[in-house]
Structure formats: structure tokens, C-alpha cells
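Residues take their numbers from the sequence shown, with the count starting at 1.
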Amino acid sequence: MSDTANAAAELPVLLIVEDDEGLQRQLKWAYEGYQVVSATDRGQAIDMVRLHEPAVVTLDLGLPPDPDGTSEGFATLSEILALKPDTKIIVASGHGARESALKAIALGAYDFYRKPVDIDELGLIVSRAFHLQEIEAENRRLEAAGGNATAMGALLTASPEMVKVLRTIDRVANADVSVMLLGASGTGKELLARAVHEKSSRGKGEFVAINCAAIPENLLEAELFGYERGAFTGAVKMTPGKIELAQGGTLFLDEVGDIPLPLQVKLLRFLQERVIERIGGRSPIAVDTRIVCATHQDLDSMIAQGRFRDDLYYRLAEIVVKIPCLSERAGDAVLLARHFVSRFARELNAKVQSLSPDAADAIDGYGWPGNVRELENRIKRAVIMADGKSVTAADLDLSGAKGSDAEPLPINLRAAREVADRRAIRQALTRTENNISGAAKLLGISRPTLYDLMKQYRLGA
């Protein structure tokens with residue numbers, strides 16, 4: 001390959017999707033600082049995205065077979081973002097500019113430019129898009145780097161997916177907004193809620209938790225809002241509710257999707273006015289309480305079915321944090337299993353000292369539908385049942401393999417290999433407690449090769 005070709009290959013890739021070949025050539029000549037590739041229709045555009053993985057795309061909405069409309073352009077926009085969500089797409093069109101701009105941005109376009117094209121002005125937009133893409137890429141690299149375990153409170157993780165969640169919690173803790181934690185049962189929603197509280201300026205106040213699914217509907221209102229003496233049969237004294245008890249602190253509403261509709265109205269009023277009335281009371285009580293809530297339910301579906309108020313959702317979900325399942329957190333199952341073995345051995349069976357290799361294999365190969373809670377319970381049982389110094393696969397008594405739900409096809413083979421390499425390296429490092437020689441042996445490669453791969457993928461040890 002010539003020096004010129006090598007230099008071009010190192011430039012950031014700009015994809016121009018434009019059916020006017022004259023304008024396409026003009027744009028190619030105008031942007032010398034990029035490796036410019038082009039396409040004239042949707043099929044070619046998708047092929048170019050798979051082949052070159054462009055950081056930025058300029059997209060004409062009027063593509064064949066609908067050159068006088070926008071349908072094909074919008075379809076191309078959606079397909080590119082589905083394939084490579086971090087792509088910055090700049091949409092250009094002369095068709096109903098305002099309506100097209102609104103729709104394009106709603107679908108995920110980075111920016112919109114109205115034709116006829118001004119090369120210099122479009123060049124500035126392209127330059128800004130590349131700059132933003134570089135910043136976001138660097139953030140992703142930092143999140144992926146560092147195979148070392150990260151801890152926040154009682155949470156321990158080595159997976160980039162969970163590290164990203166912890167960094168989000170760290171950022172939002174001091175912003176006095178409502179936080180909604182979305183995740184399956186057993187993923188650690190209450191631990192994260194406590195982390196939000198403890199890292200916030202309210203950390204010295206009370207953290208009050210209530211499981212909305214565990215309390216009968218007719219008692220939940222009294223639990224949340226409290227009641228006056230004589231408000232109902234059995235109300236022999238004034239009792240403050242959980243909202244009031246969390247004054248100056250944080251109220252954690254677990255399984256918020258189980259709050260009945262009539263009570264949702266009363267909770268919404270509190271969030272809007274920041275005052276409550278106890279059952280049987282007539283005087284409003286001002287309360288300064290931060291709300292953190294969690295659910296494993298699909299609230300969007302519940303809203304569509306009229307089972308959850310959309311106005312309440314928007315008040316509760318000022319910040320939404322999605323928590324990955326344990327099966328989506330490469331290396332974390334074994335890391336947490338070792339932690340639980342150490343903890344339960346101290347409490348229940350002092351002769352147990354470690355997790356055997358076959359137990360680690362079994363843990364890695366199991367899907368953990370109950371997530372961290374299931375893992376914790378399984379390790380506790382195994383530590384009790386263990387006869388030797390190590391917890392074995394037989395002690396775990398795991399049956400069934402990890403689920404094989406269909407995953408989206410990677411953008412290309414190189415990306416698929418990188419995902420597989422990263423996952424294998426993280427698991428090997430976790431399994432060997434970050435011992436490079438041991439990890440290389442597990443992976444069947446030399447130490448220098450492992451070092452090269454870790455440097456290539458920016459994985460720390």
C-alpha cells in the first residue's frame with residue numbers, strides 16, 4: 001500500500017449519501033481532511049456503513065426510488081442508526097424543510113441542513129459532528145478500559161456495562177432530581193438507590209425504603225402518607241408515613257409500577273406541590289424528600305394500557321438508569337461468586353477458602369435468571385454444603401445452560417471478533433484475579449500476545 005493510501009486510511013471516514021453525482025463529486029473534493037466514501041441509494045449506503053463504519057454521514061432525503069419525496073431517506077436514516085447508533089447523521093433536504101427537520105431529529109439525526117448546499121457551512125457542521133463523535137468515542141474507551149473491579153458501596157463489578165451505570169449514579173447523585181432505576185429482579189436496584197442517597201448532599205438524612213408490591217393496596221396509602229388518630233378503625237395514634245419519615249433524605253419506592261391508579265394521583269400531587277396530607281388530616285404538611293424509584297415492569301406498556309399515569313412517570317423519571325442483567329456483565333458472575341464465597345465462609349463454614357476452576361466454569365456457563373440475588377443464594381448454599389476447601393461445581397448443583405436469545409448481527413466480522421475477544425479477555429482476567437500469565441494460559445496465547453490485545457482494546461489489568 002502506498003504512503004498516500006496509508007494516510008487516507010488513517011483519516012476519519014465521512015460517508016456521503018447523495019444521488020446527484022455532480023454534487024457528490026463536489027462534496028468529495030471539498031472535504032480533503034476526511035476519507036470520503038459515497039453511496040447513491042439505501043442499499044449502497046448500508047453496504048458502506050458495514051464496510052467503513054463511518055463516524056459521520058451526510059444524507060440526502062430524496063433518494064431513489066423516491067427522489068422527489070423523503071420516505072427512502074428516512075428509511076436509510078433509521079437503518080444506519082439501527083446498525084451503528086453512534087453515527088452522526090447530517091440530513092440535507094429541500095423537501096418540506098421544517099417538517100423534515102423535525103422528523104429527522106426525532107428519528108435520531110445529529111443535524112439538518114436545507115438545500116441548496118453551502119459547502120463551507122456544511123463543512124462546519126461536519127467538523128463539529130466529528131469532534132463530538134471523537135469525544136463520545138473517547139468516553140466509551142475510558143469506560144471499557146480498566147479490567148480492575150470497581151466498587152460503590154456494596155456493589156462490586158468489573159464489567160464496562162456496570163461501570164457505566166456506576167458512573168451515571170455518581171453524576172446524578174448530587175443533582176436533586178427524581179431517579180428511576182429499571183432492571184430485572186435481583187440486579188441490585190436497592191443498592192444503587194442507597195448509593196444515590198449516600199453520595200448526595202442528603203446522605204446524612206434518612207434513607208427510607210418501601211416495596212410497593214409487598215403491601216396490600218388498602219394499606220399502601222397509609223404507609224406512604226401516614227394517618228391521624230381516629231382516621232379509621234384501629235388508628236389509635238397519629239402515625240407519620242414513609243414520605244414524611246424521609247424528610248431531608250431519600251424515599252426509595254421499589255416496584256413503583258404496582259402503585260394503584262387512585263394512589264398515583266395523590267403521589268403526583270406530592271411531587272408537584274411537595275406537600276402531603278395524612279389520612280384524616282386537613283392541614284397540608286411541607287416535606288422535602290427526594291424520590292428514587294425502581295421497577296422491573298415495562299412502564300411504557302403500562303402507560304399505553306392506562307395502568308400507569310404518564311404525568312407521574314415523567315415526574316419520577318427525570319433521570320432513568322437501566323441496569324444490565326448479570327448475564328450481560330462479562331466476568332461479574334465469577335467476581336461476585338468469589339466475594340460471596342469469602343463472605344459466607346467467614347460466617348458459615350470457615351474451612352472453605354476458594355472457588356474451584358470447575359465451579360467458575362459452571363458459573364460462567366449459567367444464565368442466572370435471578371441475577372445477583374440468585375447467585376448470592378446459590379453460593380451461600382454451596383458454602384454450607386462444601387466438604388473440602390473449595391466450592392465445586394457439584395456443590396453449586398447448577399443445571400441448564402445460558403439462554404441463547406438471538407442477538408443483533410454485528411456491523412461486520414471485525415466488530416464481532418472484537419466483541420468476542422474483549423469478553424474472553426475480561427473473563428480470563430477475572431477468573432485469574434488479573435494474573436496476566438494465568439489469563440494468557442487460560443486463553444491459550446502467549447503473555448506478549450495478551451499484552452498486545454489488551455493494548456489494542458485498551459483493557460487494563
Do you know the tightest heavy-atom contact between [X] and [Y]?
X: Asp41; Y: Val17; value: O-CG1, 4.5 Å
X: Ala333; Y: Ile363; value: CB-CG2, 3.6 Å
X: Ala104; Y: Phe112; value: CB-CD1, 4.3 Å
X: Thr289; Y: Thr250; value: CG2-C, 4.4 Å
X: Ser185; Y: Glu255; value: OG-OE2, 4.5 Å
X: Glu72; Y: Pro64; value: CG-O, 3.4 Å

Tell me if a side-chain donor or acceptor on [X] pairs with a main-chain N or O of [Y] at a distance below 3.5 Å.
X: Asn412; Y: Arg50; result: yes
X: Trp368; Y: Arg373; result: no
X: Glu121; Y: Asp118; result: no
X: His339; Y: Val334; result: no
X: Arg274; Y: Val287; result: no
X: Ser356; Y: Val391; result: yes
X: Glu18; Y: Asp20; result: yes
X: Thr168; Y: Lys164; result: yes
X: Gln264; Y: Ile259; result: yes
X: Lys115; Y: Asp60; result: no

What I'd like to find out is whether the side chain of [X] reaches to under 4.5 Å of the side chain of [Y], using heavy atoms alone.
X: Val292; Y: His197; answer: no
X: Ile379; Y: Leu396; answer: yes
X: Leu15; Y: Val36; answer: no
X: Tyr113; Y: Val91; answer: no
X: Leu166; Y: Leu192; answer: yes
X: Thr187; Y: Pro324; answer: no
X: Asp298; Y: Met302; answer: no
X: Trp29; Y: Ile119; answer: no

Residue pair Val208, Phe252: steps toward the side chain to side chain contact (heavy atoms under 4.5 Å, CB included) verdict: CA-CA 6 Å; Val208 179; Phe252 175 51; over 6 Å; no
Thinking salt bridges, do [X] and [Y] make one under a 4.0 Å N-O criterion?
X: Glu161; Y: Arg329; result: no
X: Glu190; Y: Arg194; result: yes
X: Lys88; Y: Asp111; result: no

Any side-chain donor-acceptor pair under 3.5 Å between [X] and [Y]?
X: Ser301; Y: Gln305; answer: yes
X: Asn174; Y: Ser200; answer: no
X: Tyr366; Y: Glu374; answer: yes
X: Asp311; Y: Gln272; answer: no
X: Thr157; Y: Asp332; answer: yes

Passing option when Tyr31 is tested against Leu11, Leu14, Val56, Thr58 for side chain to side chain contact (heavy atoms under 4.5 Å, CB included):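 Looking at Leu11, Leu14, Val56, Thr58, the match for Tyr31 under the side chain to side chain contact (heavy atoms under 4.5 Å, CB included) is Leu14.
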Approximate separation, where rounding is to 0.5 Å, of [X] [atom1] and [Y] [atom2]:
X: Ser178; Y: Ile291; atom1: OG; atom2: CD1; result: 6.5 Å
X: Ile80; Y: Leu77; atom1: CD1; atom2: CG; result: 7.0 Å
X: Ile169; Y: Glu198; atom1: CD1; atom2: CD; result: 12.0 Å
X: Lys84; Y: Ile46; atom1: NZ; atom2: CD1; result: 12.0 Å
X: Asp86; Y: Glu53; atom1: CG; atom2: CD; result: 9.0 Å
X: Ile303; Y: Leu299; atom1: CD1; atom2: CG; result: 6.0 Å

Residue pair Val320, Val179: steps toward the side chain to side chain contact (heavy atoms under 4.5 Å, CB included) verdict: CA-CA 6 Å; Val320 176; Val179 177; over 6 Å; no
Side chain to side chain contact (heavy atoms under 4.5 Å, CB included) evaluation trace for Leu443 with Leu450: CA-CA 9 Å; Leu443 294 167; Leu450 178 55; 3.9 Å; yes
Glu79 atom CD: more than 12 heavy-atom contacts under 6.0 Å: yes
Lys322 NZ: over 12 foreign heavy atoms closer than 6.0 Å: no
Working for side-chain hydrogen bond (donor to acceptor under 3.5 Å, both in side chains), residues Asp19 and Gln24: CA-CA 7 Å; Asp19 66 333; Gln24 192 181 101; over 6 Å; no
Aromatic plane relationship, Phe130 with Tyr34 - under 30° parallel, 30 to 60° tilted, over 60° perpendicular: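 Geometry flag for Phe130 against Tyr34: parallel rings.
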Trace of the salt bridge (charged side-chain N to carboxylate O under 4.0 Å, His left out) decision for Lys189 with Asp254: CA-CA 8 Å; Lys189 295 189 289 293; Asp254 198 7; 5.2 Å; no
Stepwise side chain to side chain contact (heavy atoms under 4.5 Å, CB included) check, Met48 with Val13: CA-CA 10 Å; Met48 290 295 102; Val13 179; over 6 Å; no
Test salt bridge (charged side-chain N to carboxylate O under 4.0 Å, His left out) applied to Glu99 and Lys103, step by step: CA-CA 6 Å; Glu99 293 75 13; Lys103 184 174 180 181; over 6 Å; no
